[in-house]
Visitor: 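Following this message is one structure expressed as structure tokens.
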Amino acid sequence: MSELRIEGLRAEVAGIEILRGVDLAVRSGEVHAVMGPNGCGKSTLSHTLMGRSDYRVTAGSVMIDGAELLGLPTWERAAKGLFLAMQYPVEVPGVPIGALIGASLRSRGLDETGIADRIAREAERLHVRDEFLARGVNDEFSGGEKKRVETLQLAVLEPKFAVLDEIDSGLDVDALRDVSRRVEAMTKEGALGVLAITHYSRLLTELRPDFVHVMLAGRVVASGGPELADELEAHGYEGLAERLGVTELTIERPAEPKAGFDRAKTQSLADLLKEREASAQADPLADPFADPLR
Amino acid sequence: MIKAHHFTADTSRALGGPDWLVARRLAAIEQLDDAIWPTPGEEIWRYSRIDELDLDRYRPVPIEEIGPPGATNAPGGGPLAREAGTTSGLVVVRDGRVVRQELAPELEAQGVRVCGLATCGSDDEVQAILGSVASASPDAFTTLHDAFMPGGALVWVPDGVVVDHPIVVLHWAEGEGEASFPHTLVVAGASAQVTVLERFGSPTNDHLVDAVAELVVCDNASVRYLSVQEHGPKTWHIGLQRAHLGRDARLRSAAVALGGDYARLRSETLLEAPGAESEQVACYFGDGTQMLDFRTLQDHAAPRTRSELLFKGAVEDTAKSVYSGMIRLRESAQKSAAYQTNRNLVLTEGAGAESIPNLEILANDVKCSHGSTVGPIDDDQRYYLESRGITPAEAERLIVLGFFDDVFDRLPSTSLTDSLHRAVVDKLEHRRSRP
């Protein structure tokens with residue numbers, strides 16, 4: 001029996017406090033749902049747990065079986081048994097799923113033998129077609145394929161705890177069912193602990209959580225059983241907030257920080273033609289290649 | 001006018017060879033008087049390090065210095081050739097001069113020629129073609145090349161002949177303070193098919209390589225061509241690789257550039273007749289203080305021609321790369337399509353990549369597109385891989401190899417893929433091991 005324990009977790013993004021003291025405890029085999037409206041801090045919670053560099057923790061702790069994760073780099077948190085199924089899985093061209101999983105096992109000094117078979121079996125179970133195994137991970141995958149492949153990685157890497165960040169977004173009914181069934185099996189057979197973050201109740205009809213938590217403005221304001229989801233379904237977040245006497249539901253903040261490629265330059269053809277035209281007018285002799293055949 | 005102490009009519013004549021070759025060189029010497037030495041002020045040399053080149057530092061490799069194949073460090077058809085797998089023919093070129101040649105007997109019987117230009121290039125057929133491709137795109141270095149080329153490799157495939165396995169041309173450039181002028185002429189006759197793999201290497205000596213490769217792809221012929229440049233860290237390489245394509249001809253060409261101090265390649269394709277198709281791909285990786293410099297031309301001169309270009313590179317440390325590419329769709333090129341993509345990974349703060357795509361579209365019924373990016377490794381990709389328990393170093397290795405993957409996939413020979421993977425990883429790890 002393992003435990004993921006989050007205590008008094010506070011974190012800020014770009015100087016704005018988004019998590020304002022989060023307490024949660026997930027044990028092996030349990031499924032916890034964290035529900036909340038857009039902007040309440042749900043995704044911040046998932047990336048703060050995983051240690052994304054642009055999220056700054058100001059207080060609290062996150063422990064697996066008493067060992068602190070905060071302060072560890074992302075990959076070591078994963079090595080300690082935490083997995084994040086991302087809301088927007090990142091495209092990594094030229095790195096197929098087999099190479100990714102091989103590297104993950106190697107990084108942790110684990111044995112890679114038989115891993116190809118393992119991936120093939122999971123792919124069959126999750127209805128992931130071979131072409132998606134051959135291609136770079138998430139590279140031009142549909143929303144549904146991305147989530148199936150996130151789930152495949154979860155199944156093969158066998159973490160102790162999985163944070164599923166909006167695993168239900170971008171999924172059709174069949175994919176949602178495949179993903180939910182697989183996660184459910186992992187909780188039952190493999191004792192996986194799950195923290196499922198969502199703002200739809202439709203995931204909960206498939207995933208059937210043991211505990212439901214409601215997050216408003218960076219705090220968990222209510223915890224209960226599945227009946228809490230029913231109350232949300234009936235009265236909405238505003239109805240619940242009114243009952244609890246909570247006035248703030250979400251946190252205003254600047255747009256999500258987008259990492260990477262800030263130094264990139266990409267020109268559209270139209271822009272380029274415009275620029276070429278301008279420079280040709282400025283200097284009509286600036287032809288870089290004298291035409292040798294004319 | 002080019003003035004250099006050691007590049008004179010006398011040193012050109014002293015290189016010897018058959019009368020026609022000596023005469024050809026001396027004619028080029030005359031042209032050297034009129035040749036204009038390039039400067040970075042010219043657009044085609046913009047961003048280059050051409051102003052650092054002092055020709056007086058070099059002299060042509062004297063004929064008596066060219067040793068046998070297999071001498072110190074020379075390829076001699078050893079490991080480099082074996083890496084290419086099963087081959088149909090082999091030419092070993094030492095300092096621009098052919099020192100060894102091999103060809104499968106059944107191909108020789110079909111009229112295929114894989115040999116040295118100095119010894120087997122004197123007949124009218126070869127004479128009519130030699131230089132016809134390069135002279136369509138001359139510069140000071142092609143003129144200098146013509147004035148000092150001691151021979152070179154000929155790959156001649158007659159009409160209709162299909163060569164099953166690659167023909168490998170290995171170039172080794174050796175002498176300190178010396179310049180060599182390797183020439184390769186590939187002629188694929190009508191409906192012929194051939195794959196040619198060229199590899200350029202040198203030790204750590206300060207050496208200037210002024211190389212020309214001419215590819216003639218006749219009607220309906222199919223040529224696959226790969227050049228791999230793995231020079232030592234002090235070598236300067238200035239190369240032209242130019243192809244002329246006939247009706248329905250197909251060329252898949254690829255360049256890999258890893259070595260050299262300053263290494264420049266002009267990669268040019270002229271689609272001369274309807275239905276011709278070319279693909280040009282390249283991967284390059286610069287580290288240390290290297291500069292890798294590419295100038296490409298996709299020149300469409302006939303209707304219904306198609307060209308596609310994909311150049312991908314990475315730079316680290318204080319290395320620089322330049323990509324400057326031109327798509328030209330002439331008035332005569334209606335219904336043609338041309339695509340050009342250049343992508344660059346800048347792995348460290350001090351490194352830099354320039355990407356300059358150019359279009360010249362004179363026809364109105366054509367398809368044309370290009371994309372160009374220069375940027376660091378995507379932080380989201382790093383984070384994604386690290387969230388799967390992958391160490392930062394391993395994540396970077398995966399991302400960089402993945403970045404090159406679509407180019408590796410399109411190389412004309414898959415036999416070199418493993419060694420290229422190794423070369424890329426070596427460059428990455430070299431950086432990591434630095435303080």
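Lettering follows sequence order; numbering is per chain, from 1.
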Visitor: Just so I understand: if I count every heavy-atom pair under 4.5 Å between each of A:Pro159, A:Pro89, A:Pro96, A:Ala79 and chain B, which residue has the most?
Guide: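 Sorted descending by pairs with chain B, the first entry is A:Pro89.
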Visitor: List the residues meeting ring pair (Phe, Tyr, Trp, His ring centres under 6.0 Å) with B:His300, not counting sequence neighbours, and say none if there are none.
Guide: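 B:His300 satisfies ring pair (Phe, Tyr, Trp, His ring centres under 6.0 Å) with no other residue.
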Visitor: Hey, is the main chain of B:Thr391 close enough, under 3.5 Å, to the side chain of A:Ser107 for a donor-acceptor pair?
Guide: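 Checking the backbone N and O of B:Thr391 against the side chain of A:Ser107, a donor-acceptor pair under 3.5 Å is found.
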Visitor: Could you tell me whether the side chain of B:Glu386 reaches within less than 4.5 Å of the side chain of A:Pro73, counting heavy atoms only?
Guide: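 The answer is no; the side chains never approach within 4.5 Å.
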Visitor: Measure distances from B:Leu385 to the heavy atoms of chain A and classify the residue's part below 4.5 Å as side chain, backbone, both or neither.
Guide: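 Only the side chain of B:Leu385 comes within 4.5 Å of chain A.
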Visitor: Run through A:Val92, A:Thr74, A:Leu84 and flag the one making a side-chain contact (heavy atoms from CB on, under 4.5 Å) with B:Tyr384.
Guide: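 When side-chain contact (heavy atoms from CB on, under 4.5 Å) is applied between B:Tyr384 and each of A:Val92, A:Thr74, A:Leu84, only A:Val92 qualifies.
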Visitor: Is the shortest side-chain heavy-atom distance between B:Phe403 and A:Pro93 below 4.5 Å?
Guide: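 No, their side chains stay 4.5 Å or more apart.
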Visitor: Under the 3.5 angstrom rule, does the side chain of B:Gln381 hit a backbone N or O of A:Val90 as a donor-acceptor pair?
Guide: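 No; zero donor-acceptor contacts below 3.5 Å.
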Visitor: Pick from B:Asp405, B:Asp406, B:Asp409: which one has the most heavy-atom pairs with chain A under 4.5 Å?
Guide: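 When all of B:Asp405, B:Asp406, B:Asp409 are compared, B:Asp405 has the most.
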Visitor: With a 4.5 Å limit on heavy-atom distance, are the side chains of A:Trp75 and B:Arg388 in contact?
Guide: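 The answer is no; the side chains never approach within 4.5 Å.
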Visitor: Count the heavy atoms belonging to other residues, nucleotides or ligands that lie under 6.0 Å from OH of B:Tyr339, then report whether that count exceeds 12.
Guide: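 Counting neighbours around OH of B:Tyr339, more than 12 heavy atoms of other residues, nucleotides or ligands fall under 6.0 Å, so yes.
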Visitor: Show the nearest heavy-atom pair for residues A:Ala78 and B:Ser387, with the distance to one decimal.
Guide: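 Heavy atoms of A:Ala78 and B:Ser387 come nearest at CB-O, 3.5 Å.
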Visitor: Count the heavy atoms belonging to other residues, nucleotides or ligands that lie under 6.0 Å from NZ of A:Lys80, then report whether that count exceeds 12.
Guide: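 Atom NZ in A:Lys80 is not crowded, with 12 or fewer foreign heavy atoms closer than 6.0 Å.
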Visitor: Taking non-hydrogen atoms and a cut-off under 4.5 angstrom, which of residues 137-157 of chain A neighbour chain B?
Guide: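 At a heavy-atom separation under 4.5 Å, chain B is reached by A:Val137, A:Asn138, A:Glu150, A:Gln153, A:Leu157.
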Visitor: Which bit of A:Glu91 is near chain B, if near means a heavy-atom gap under 4.5 Å: side chain, backbone, both or neither?
Guide: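 Looking at A:Glu91, just its backbone touches chain B.
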